[in-house]
Each structure stands twice: as structure tokens, then as C-alpha cells.
Amino acid sequence: MDDTPIEIAAHASLSGISPGDWDACACPEAVDARPGDPFTTYRFLKALEDSGSVGPGTGWQPRYLTATIDGQIAAVAPLYAKGHSQGEYIFDHNWAHAYEGAGARYYPKLQIAVPFTPATGRRFLTRPGYEAVGMSALIQGAIQIAVDNELSSVHATFCTEAEAIAGAEMGLLHRVGQQFHWLNDGYDTFDDFLASLSSRKRKNIRKERAQANDFGGEIIELTGDQIQPEHWDAFWRFYQDTGNRKWGTPYLTRQFFDCAQDTLRNDMLMVLAMREGRAVAGALNFIGRDTLFGRYWGCTEHHACLHFELCYYRAIDFAIAQGLAKVEAGAQGEHKLARGYMPTPTHSLHWFGDPGFRDAVARYLDAERTAVDHEIEVLTSYGPFRNSNQEDHQ
């Protein structure tokens, strides 16, 4: 296969790639089942594009990569030309400032990522049997595009650990970050999960759940056809409120949620707090084959502990009921630790055209990895589980 000709192409729209070819690389396991990663499916990325959430004026200009091998598209990557560093969650603002401070142009750069989605998954998407040659072709293709267009850098964010190791062996820089994930240790019920915690944390969670469910209404969980257009109207209000507070401007357009209703509702779990016939808070999750991905939260009324209930505890309930292995609760938030979400490494890969800058970033990443490893170790020692050292710190 090493001598087989490989054709690399960049596409300004997913319309230039058939859904069958893309998903044969992105989620070959989903022919008769749910995809492992809903975010790299054709339907999710196309919803971002069709809704105007990516494209002209957004700073995310699609340049989807394909590698044709043996006469078929054997590898693809969600590649974007970025005019800023927003919506990435593995941030390089300091690198950009340093690069431009030296008189060079950092933007545009190339980003292999799922926009606005800090969820780990494969970024170098290949048909089965083409894993190594496909990933190599995609990396070389992205770098060649950067060189040909005199772009500063190429980044692949929230890739898998296996991809990070393989990419480092190809000469890319490996960065390690940290998130909080909940892991299902074979629990049959939420009470089984609580039984694994220290008594103090167990009591606190029960207290929080009681407070949350006493907000004066009911909490409903919706998936698939249960999600109706009026639910998206409510959730858009929540999303706008959170987006305005956190980012200044929401990343997703209103049209994205219409696309979600059409093509993504079977991939979603929406949790809504209803009071007096209207939704006052909500959380939106995406469902993978073995993972529930917590993505968005918002509210129009504030009630004690309702955020914890909708975002964290209901997600755990759903994961246990569905036999899912974990819940990824998104970026940031050490408050998740006390609620059973443990520190977990995340990975990214980086290439720079300037050798001196590359060496400087490499030294920085060496120090950063040491610091992140130490932080994960310390946070883990303060975890809520009985077999951690939590009891010793109370």
C-alpha cells in the first residue's frame, strides 16, 4: 500500500463529498448502529455548514480534506482555515500574540477540529484498514496546504491519544490538556454510583438533587421524535443567554437548531426544567455509542442546584440506564470533581512552519505536560470516591 498513489483534495463544502464516503471514514462502525462519535458524522458537520455556523464571516472556513487511495476516498478530515482562535477550547492565544509580536502573521491557520466542540474523538478519519496510511496522507496534505499558502501552522485538537502518539512520531508537537469525565464502573443504578462515594460527597449530592427537584416544576428528558420545534425555540433562548455571557456572541446560529431537528434529533438528549407550562432551563447532550457528551446549558430562571441536576446528575442517570461507559461534561469546571467527574487528559497536535517558533513551543509544551500531569494527580487525590484519599482530607 505504501507505493499506492494517493490523491489529496481540499473541499470548500461538504456538498463536494458524498455522505456515504464521508461516513465510511468517520463512523464505519455505524452501518447498523449508533456512531461512536456523533460530531464527525456528515450530518453534524453539514448542519454547521448549512446553518451558517461555519463559513464566510465566521472565521471557520471549511477546507475538508479527502485522501483517495485505491480509487476510493479512504480518509477524510474536518479541516478549517481559521481567522481567529475562538471556539476551539484548546487555546493558542499566547502563541498567536508571540508570533505576531515577532512581526509574523499567525492567522489564517489550519485547524483540524469539530468547531465549538471540546469532545475527544478521531480527527484523522479513515476507512478500516487505512488507518496508518490515511492519517499520514491527511497530515502531509494539511502541511502541504499550509506551506503552499504560507500559513503559520496546522493544529488538530481533541484528537485521540493514539492519534497524538502517532502524530508525535511523525514530527508533530503533542499537547496535553485536562477535562472532567464521569466513568461508569458497571453501575446498575444511581444509588450504586453514590455508594462508591465518600459519605460526605454522597450526602451532598443527595441534598443537591433534592433542592434541584424542588424548584416548583418538573424535569423532562427528550430524545428523537420527542424533541419538537417548540423545544428548540426554548433552547435557543437558553443558548443565547449562555453564549452572550461566556463568548459575547453565540457560536451557533438559530438555523443550526432547525437542522438539528431535521437530522440530529436521534443523536440528542434534551433535558428541560418545565414550570407553569414553559421551559425555564435546559441542557443538551449528544449520544455516542459508548459516551454521552454534555454540550450546552442555559436558563431563564435561576434555581438552586438546577444546573447540577440537568447537566451532571441526569446525564449520569441516562448513561447508567443506557449502559454507556462515560459522560464527557465539556470544558472547564473543577466543581465537577465533587460530583463524580474525574480529571482526564485531552490531546492535540501542532505543526509550525517556522523552526525557531516550533522549538520554543516544544519547550513550552514539555513544561506544560509536566504541570498538567501534576494537576491531574493532585485533583485525583481529592476525588469523591471512597477508594481515593478523600476521607483523609475531610
Side-chain angles (χ1 to χ4, degrees), residues 1-50 54-55 60-81 110-115 117 119-149 154-167 169-172 259 263-264 266-267 288-290 349 351:
M1 190 179 293
D2 291 344
D3 297 328
T4 301
I6 301 174
E7 178 185 346
I8 301 293
H11 304 259
S13 171
L14 269 181
S15 298
I17 308 167
S18 78
D21 280 335
W22 184 277
D23 284 344
C25 300
C27 50
E29 75 284 356
V31 174
D32 297 310
R34 187 182 294 281
D37 179 359
F39 303 115
T40 55
T41 60
Y42 189 96
R43 59 183 176 271
F44 182 87
L45 297 172
K46 194 67 161 56
L48 291 177
E49 184 183 325
D50 288 348
V54 301
W60 290 83
Q61 195 62 40
R63 291 293 184 266
Y64 310 104
L65 277 187
T66 59
T68 299
I69 308 172
D70 296 333
Q72 66 177 351
I73 291 179
V76 300
L79 177 68
Y80 299 85
L110 295 181
Q111 192 88 18
I112 298 173
V114 177
T117 307
T120 292
R122 290 189 304 131
R123 295 295 172 261
F124 305 95
L125 311 171
T126 65
R127 291 179 188 264
Y130 290 89
E131 290 82 1
V133 67
M135 179 176 177
S136 177
L138 293 169
I139 288 175
Q140 292 179 53
I143 291 173
Q144 192 61 54
I145 292 172
V147 170
D148 291 346
N149 292 277
V154 179
H155 311 265
T157 43
F158 291 100
C159 62
T160 66
E161 183 178 13
E163 288 177 324
I165 293 171
E169 291 175 351
M170 296 178 199
L172 277 67
C259 294
T263 65
L264 297 168
N266 289 329
D267 300 312
R289 173 174 284 192
D290 65 357
L349 290 166
W351 173 91

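Any value given below was found using the heavy atoms of this structure, including those in side chains, with hydrogens, waters and symmetry copies removed. Heads up: numbering here begins at 1 and tracks the sequence.
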Checklist entry - Where the side chain of W351 meets the backbone of I139, is there a donor-acceptor pair that is under 3.5 Å apart? => result no
Next on the checklist: Keeping E131 on the side-chain end and G129 on the backbone end, is there a donor-acceptor pair under 3.5 Å?
Outcome noted: yes
Item to check | Residues, nucleotides or ligands: over 12 heavy atoms within 6.0 Å of Q72 CD | outcome: yes
Checklist entry - Any sub-3.5 Å donor-acceptor pair from Y42's side-chain atoms to I17's backbone N or O? => result yes
Item to check | salt_bridge(R43, D267) N-O dist < 4.0 Å | outcome: yes
Next on the checklist: Are P62 and H11 packed together at the side-chain level, in the sense that at least one heavy-atom pair is separated by less than 4.5 angstrom?
Outcome noted: no
Next on the checklist: For the CG atom of L65 and the CG atom of L138, what is their distance to the nearest 0.5 Å?
Outcome noted: 6.0 Å
Next on the checklist: Looking at every heavy atom in both A26 and P28, which two are closest together, and how far apart are they?
Outcome noted: C-CD, 3.6 Å
Checklist entry - Does the R63 side chain pair with the main chain of A81, one donor and one acceptor, at a distance under 3.5 Å? => result no
Item to check | From I8 atom CD1 to T68 atom OG1, the distance as rounded to the nearest 0.5 Å | outcome: 7.5 Å
Next on the checklist: Could you measure the distance from the CG atom of L172 to the CD1 atom of I165? Nearest 0.5 Å is fine.
Outcome noted: 14.0 Å
Next on the checklist: Is there a side-chain contact between T120 and D37 in this structure, where contact means two heavy atoms from C-beta onward sitting under 4.5 Å apart?
Outcome noted: no
Checklist entry - Is a donor on one side and an acceptor on the other found under 3.5 Å between the side chain of T160 and the backbone of E163? => result yes
Item to check | Donor-acceptor under 3.5 Å (T117 side chain, P115 main chain) | outcome: yes
Checklist entry - Can you tell me how far CH2 of W22 sits from CG of L45, rounded to the nearest 0.5 angstrom? => result 5.5 Å
Checklist entry - Is a side-chain donor or acceptor of S136 paired with a backbone partner of A132 at a separation under 3.5 angstrom? => result no
Checklist entry - Are more than 12 heavy atoms from other residues, nucleotides or ligands located less than 6.0 Å from atom CD of E29? => result yes
Item to check | Side chain to side chain, V114 and R123, heavy atoms closer than 4.5 Å | outcome: yes
Checklist entry - Okay, side chain of S18, backbone of D21: is any donor-acceptor separation there less than 3.5 Å? => result yes
Next on the checklist: Before you tell me yes or no, could you show the steps for M170 and M135 under side chain to side chain contact (heavy atoms under 4.5 Å, CB included), namely the whole-Å CA-CA distance, both residues' side-chain angles and the distance that decides it to 0.1 Å?
Outcome noted: CA-CA 10 Å; M170 296 178 199; M135 179 176 177; 4.1 Å; yes
Checklist entry - Less than 4.5 Å apart, any side-chain heavy atom of K46 and any of C259? => result no
Checklist outcome for this item: Closest non-hydrogen contact found for G167 with L349 is CA-CD1, 3.8 Å
Checklist outcome for this item: Heavy-atom closest pair (A146 atom, L110 atom, distance to 0.1 Å) is N-CD1, 3.9 Å
Checklist entry - Is any side-chain N of the basic residue among R127 and D70 closer than 4.0 Å to the acidic one's carboxylate O? => result no
Checklist entry - Taking the side chain from R122 and the backbone from C25, do they hold a donor-acceptor pair closer than 3.5 Å? => result yes
Checklist entry - Just how far is it from atom CD of Q111 to atom CH2 of W60, taken to the nearest 0.5 Å? => result 5.5 Å
Item to check | Close side-chain approach of Y64 and E49, heavy atoms under 4.5 Å | outcome: yes
Checklist entry - Would I69 and Y130 satisfy side chain to side chain contact (heavy atoms under 4.5 Å, CB included), going step by step from the backbone distance to the final call? => result CA-CA 9 Å; I69 308 172; Y130 290 89; 3.8 Å; yes
Checklist outcome for this item: Value for SG (C159) from CD1 (I112), rounded to nearest 0.5 Å, stands at 9.5 Å
Checklist entry - Taking side chain as C-beta onward, heavy atoms only, is F39 less than 4.5 Å from L48? => result no
Checklist outcome for this item: Smallest heavy-atom separation, P128 atom then A24 atom, equals CD-O, 4.2 Å
